[in-house]
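Structure record follows, encoded as structure tokens.
Note on naming: letters A, B, ... go to the chains in the order of the sequence lines (proteins, then strands), and numbering restarts at 1 for each one. Note: hydrogens, waters and symmetry copies are ignored here, and every other heavy atom, side chains too, is used. Worth saying up front: this structure is predicted, and the values here are computed from it rather than measured.
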Number of protein chains: 4
Amino acid sequence: MKALVYHGPGNKAWEDVPHPALLADTDAIVQVDTTTICGTDLHILKGDVPAMTDGRIIGHEAVGTVTEIGSGVKNLMLGDRVLVSCVTACGACRYCREGAFGQCLGGGGWILGNEIDGTQAEYVRVPFADNSTYPVPAGVSDDELLMLADILPTAYEVGVLNGTVRPGDVVVVVGAGPIGLSAITGARLFSPSLVVAIDLATSRLDAAKAFGADVVINNAVESAVAAVQALTGGLGADVAIEAVGAPATFELAVDLVRPGGHVANIGVHGAPATLHLERIWDRNLTLTTGLVDTYSTPTLLKLLTGRQIDAARFVTHHFGFDEFDEAYDVFSRAGDTGALKVVLSRTTTSS
Amino acid sequence: MKALVYHGPGNKAWEDVPHPALLADTDAIVQVDTTTICGTDLHILKGDVPAMTDGRIIGHEAVGTVTEIGSGVKNLMLGDRVLVSCVTACGACRYCREGAFGQCLGGGGWILGNEIDGTQAEYVRVPFADNSTYPVPAGVSDDELLMLADILPTAYEVGVLNGTVRPGDVVVVVGAGPIGLSAITGARLFSPSLVVAIDLATSRLDAAKAFGADVVINNAVESAVAAVQALTGGLGADVAIEAVGAPATFELAVDLVRPGGHVANIGVHGAPATLHLERIWDRNLTLTTGLVDTYSTPTLLKLLTGRQIDAARFVTHHFGFDEFDEAYDVFSRAGDTGALKVVLSRTTTSS
Amino acid sequence: MKALVYHGPGNKAWEDVPHPALLADTDAIVQVDTTTICGTDLHILKGDVPAMTDGRIIGHEAVGTVTEIGSGVKNLMLGDRVLVSCVTACGACRYCREGAFGQCLGGGGWILGNEIDGTQAEYVRVPFADNSTYPVPAGVSDDELLMLADILPTAYEVGVLNGTVRPGDVVVVVGAGPIGLSAITGARLFSPSLVVAIDLATSRLDAAKAFGADVVINNAVESAVAAVQALTGGLGADVAIEAVGAPATFELAVDLVRPGGHVANIGVHGAPATLHLERIWDRNLTLTTGLVDTYSTPTLLKLLTGRQIDAARFVTHHFGFDEFDEAYDVFSRAGDTGALKVVLSRTTTSS
Amino acid sequence: MKALVYHGPGNKAWEDVPHPALLADTDAIVQVDTTTICGTDLHILKGDVPAMTDGRIIGHEAVGTVTEIGSGVKNLMLGDRVLVSCVTACGACRYCREGAFGQCLGGGGWILGNEIDGTQAEYVRVPFADNSTYPVPAGVSDDELLMLADILPTAYEVGVLNGTVRPGDVVVVVGAGPIGLSAITGARLFSPSLVVAIDLATSRLDAAKAFGADVVINNAVESAVAAVQALTGGLGADVAIEAVGAPATFELAVDLVRPGGHVANIGVHGAPATLHLERIWDRNLTLTTGLVDTYSTPTLLKLLTGRQIDAARFVTHHFGFDEFDEAYDVFSRAGDTGALKVVLSRTTTSS
């Protein structure tokens, strides 16, 4: 089969690789019908993700069709169409018993396209298939469902729920890329009084408005801290969600919240930040970090099928599997191309 | 009357000052029968607390007797003996309505010995007296009760409750001074499986053992991270409580916890710390900071009167009011003197 | 002045009474500009509320203007226009310190129009005025604000928050009167996947649809249990909110929830219900009861001023103060008149 | 092999039955080394448990040795000694993903000795063996460990945690049989200020004292409500735990709690109770029911191995497998025999 293979920093190729085989009886092989590129994949290509080694297939998001199942798989049948989640879960370890599947100690967690071959391929082996896939519900397109493989549950769990967004809150989202827009989408579910988006790019702030931000702040132009203080009577925001993954944006998020506020970090960081404890030790702040656990995927599926989440609007570009290079190019130049999520499909040519 | 007056960094004097007067109808004047010195007072004398100005009386902990009450005070009578809490509360602002009295926006919070004259004096004006004092319960000594003015509620709320200590947890307390020992005392209430204390001073680690630490680690001698890893099967602690107030100890606390763990900062910090987001962004950590709110004071009073907390053992030295210099000296050289809390009383000479 | 005075079961009169006087320094006298009638007032007139005695003024909801203030009132000024909440709060007792103002032990709680004279009058004495009133915000009509005196915080706290409504939940509201419609309004803030309203009256079910119910069930016509089972794959609802106050509706609410579900009782009950423990002992249910505490009033004010709650649509009829008899008649025959909330104003004639 | 077989109400026999066979690849066969009798087994013998049919083996608690494992069992090996929990869990259904294993929709839950053959036998088939057994830890006797098969996690989760016992609380346990004593044991982990036990039998109240009750009330002799009011300044208990399973004791538990208090029902009920909503609708009560989920078993294992729970003292009598009749007799006449838990072992004769 063909797959997008990582060959060290800066190098990738859509090339022939062996068809995946079942390695454990709880594995399934899934034909990838649709996949997408994550910001994390760009980090991988920069060499930022140490577990990733030369020769491994990239990607951790897919919608596909089950083509083989191990004898220990209970809830899948050949031909089932499924969402392949970015997180796999053994289902039996301490963390899985607590619903913290992302921290699985039994061989799961975020391993696809990281510790094992991933989903940017014609077929993918999915470990612990019962706990790592979800049946495609009726009335939902693959494009929409694909947004539940990673960005929507990540932003919802790690940003919105960790940040404990509540009705009436002022919520600031730092960074208006796909994850930030997902955080806006998720925060809206709790009826905040104000959602504020901060970014350096006008195009992204325009997207933030379209996704439901009440106020947008270009912090290349104005002071985000001053603007949020002005919006909150000098007190600060109830919740700040970091959706970039850089020291400056994390530090900004901490500066934006009121005493008693929450800072929820979603961003993937490659460098340390400065934590101004001398300013915050007495402010009753709560700061959280997290990898998605996907415990919210069933909830988000209900909201998606009920049309309470609009996932389709994340998808700005379509490509065929033979167009991975172009897709990466469009996605990595999002500022210019306006790309949010690019979708690659077995049967599609670019749109 | 006499009081201990701050005269800029390094300077203080037990000197004559005017008797305090009621300024608001919700004030009370309390004769100070017993007071103590807090580690924060040492910070003040170093010039670290910007709100403190020349001429202000130091101190924010006391047990005393009500000698005057404003017309708006409802629940106190002349002659009542009361605990004066380090936190005063207007009772009506947004934060007070939520029980976050330490963040009071109505003129309260930690103001005694900081923004207004404090308790290291023969008399003290206590604002919002109804919400800022507690009647002395029967059967409890002033020494014991005085520990509820600051250190026990601070360690319990900001360390133990913010850290969400649960039965069976492995709890690490970084720093075994009075606040760290209070955190050990508070953590024990939740039946952790293991309490680990870390300090550089053998005398403090001995105290930690006496206060209930199961394991003590001198991190001048051995790696605390390695030791905690060894105790937890390589996973890390459930909760780490920072009870020092320095960048290194905060960073250590972050390094000590398991995925999904909690870091509760109690320490008063004067400098920023480095937060290694590149190591923790995906570990589902919760970090908290906080000033005490004293919402737990009624609970701690019940536990104190029921002898479920032993507060007397914090008090290592007694002095009279005319011995403030000696008391500060003994307290500030705790490593040598073995001082935990030093108590100064109207009627006592040194012991 | 004139006021609506209770004279034993079935008897009330709009009659001359003495002008209220300040009794405590924390009292305020408020000129009532607008008031309304609560379902609880009908209970009072039936003789169901034991604290209510002959000669007392009815009513616990108002918007008005401050005309006198005691010397201990800090945050109000003469001429301030305020919402008078149904719950007053001493601000200092154990329950008030925890935000459970409805359970105030210091002389507050629900006392207006119950233990003391109420708001269906030209003037009302409001105890603990600082903690029991809220400034009228700009851009909000008295009609709208009046809905925050009781029904909206009651339904939100006692129904929605006690019931822990979450995104994606199936929420059933039993009873579609003003409180039930308020519960639908409040539940919608959390993006449930489905809100189901149950009532016996078609007119109320129509109102429920208008207020945001996705499905309505007339349980005079069909089995509500069967219908909810059908909607939930046989499992039951996540949350059932009782908004009637009768044994049968409470028992129905218990029958409607899934294992692990919540039953939140809002209804005022005059008789015991049967709790089928033999059916629910092993179903992990949580059942809650409650009087409103009004801790959510600031949040609801934000949502009201931000137009995220539409409070105006509750008001179906307007009357002048000299039309109390007609207003009670219209409100008590809601099935015929379509009345939800009737508003009585100093300056209005009926509409 | 031999097993204790249920033959309709009142009838049971230790008789020859076929050796159990693996039915699913996730099954294990466990040789029962030690088992015990639960109060629920007495209910079964009265005919109260509808799922139980003639010919089925009784029992849902055991410590044993793995003798056969299905191909899908990942974490067990032949010869492993394990605790067999009363609850089995598929690990993949909605409820298992949330840790609510007792409500498993995938074929687990409480099925042993109820829906399938149980543990009062020489061998037992354990479904979903990975999720339903726990390795025997070093230094713990079978007797002690057996208490974690049901009563300790049941009382801890359904009584103590559902009741949200907190430091300083007044906790009342209604019923001082094995489950009530387990609730006392569990409540003590949270440092309540007062644990009150209520029972009709002096011998059980003596046991309650030995297990850590501060106050015992014989409600055949005195009014429990009056006694608890006297202990709490007229307010009522913070938490009441029902550990009997009768209408009168449930109703008593509701009467015992303060406004804002919690009633946690553990008892297995065969009849409805009366819920006096007319007294409690405005008291902010939380009532919970529940079957054990066993999510706390890992925590309790830590506390047991750390000697923070004394489980051995529950075991009052020992028998061999050929003495089931005598064991049931002793256990069912607990009032006379003083039996708490009776242990039956492969190799033991009565003690």
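In terms of the side-chain hydrogen bond (donor to acceptor under 3.5 Å, both in side chains) criterion, residue partners of B:D293 (sequence neighbours excluded) are, by chain and number, A:N284. Not counting sequence neighbours, B:N114 has no partner by the side-chain hydrogen bond (donor to acceptor under 3.5 Å, both in side chains) test.
Here the CG-OG1 distance, from A:N162 to B:T286, works out to 6.5 Å after rounding to the nearest 0.5 Å.
Of all the listed residues (A:T288, A:L105, A:V158, A:V292), the one sharing the greatest number of non-hydrogen pairs under 4.5 Å with chain B is A:T288.
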- Message: Run the side-chain contact (heavy atoms from CB on, under 4.5 Å) test on B:R258 and A:Y95 for me, step by step, so that the C-alpha distance in whole Å, both residues' side-chain angles and the decisive distance to 0.1 Å come before the verdict.
- Response: CA-CA 11 Å; B:R258 65 168 176 86; A:Y95 284 103; 3.3 Å; yes
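Applying the salt bridge (charged side-chain N to carboxylate O under 4.0 Å, His left out) definition to pairs two or more places apart or across chains, those involving residues 93-118 of chain A are A:R94-B:D238.
Between A:D282 and B:L291, the shortest heavy-atom contact is O-CB, 3.6 Å.
At a heavy-atom separation below 4.5 angstrom, chain B is approached by A:P259, A:N265, A:G267, A:V268, A:H269, A:G270, A:A271, A:P272, A:A273, A:T274, A:L275, A:H276, A:L277, A:E278, A:I280 within residues 259-280 of chain A.
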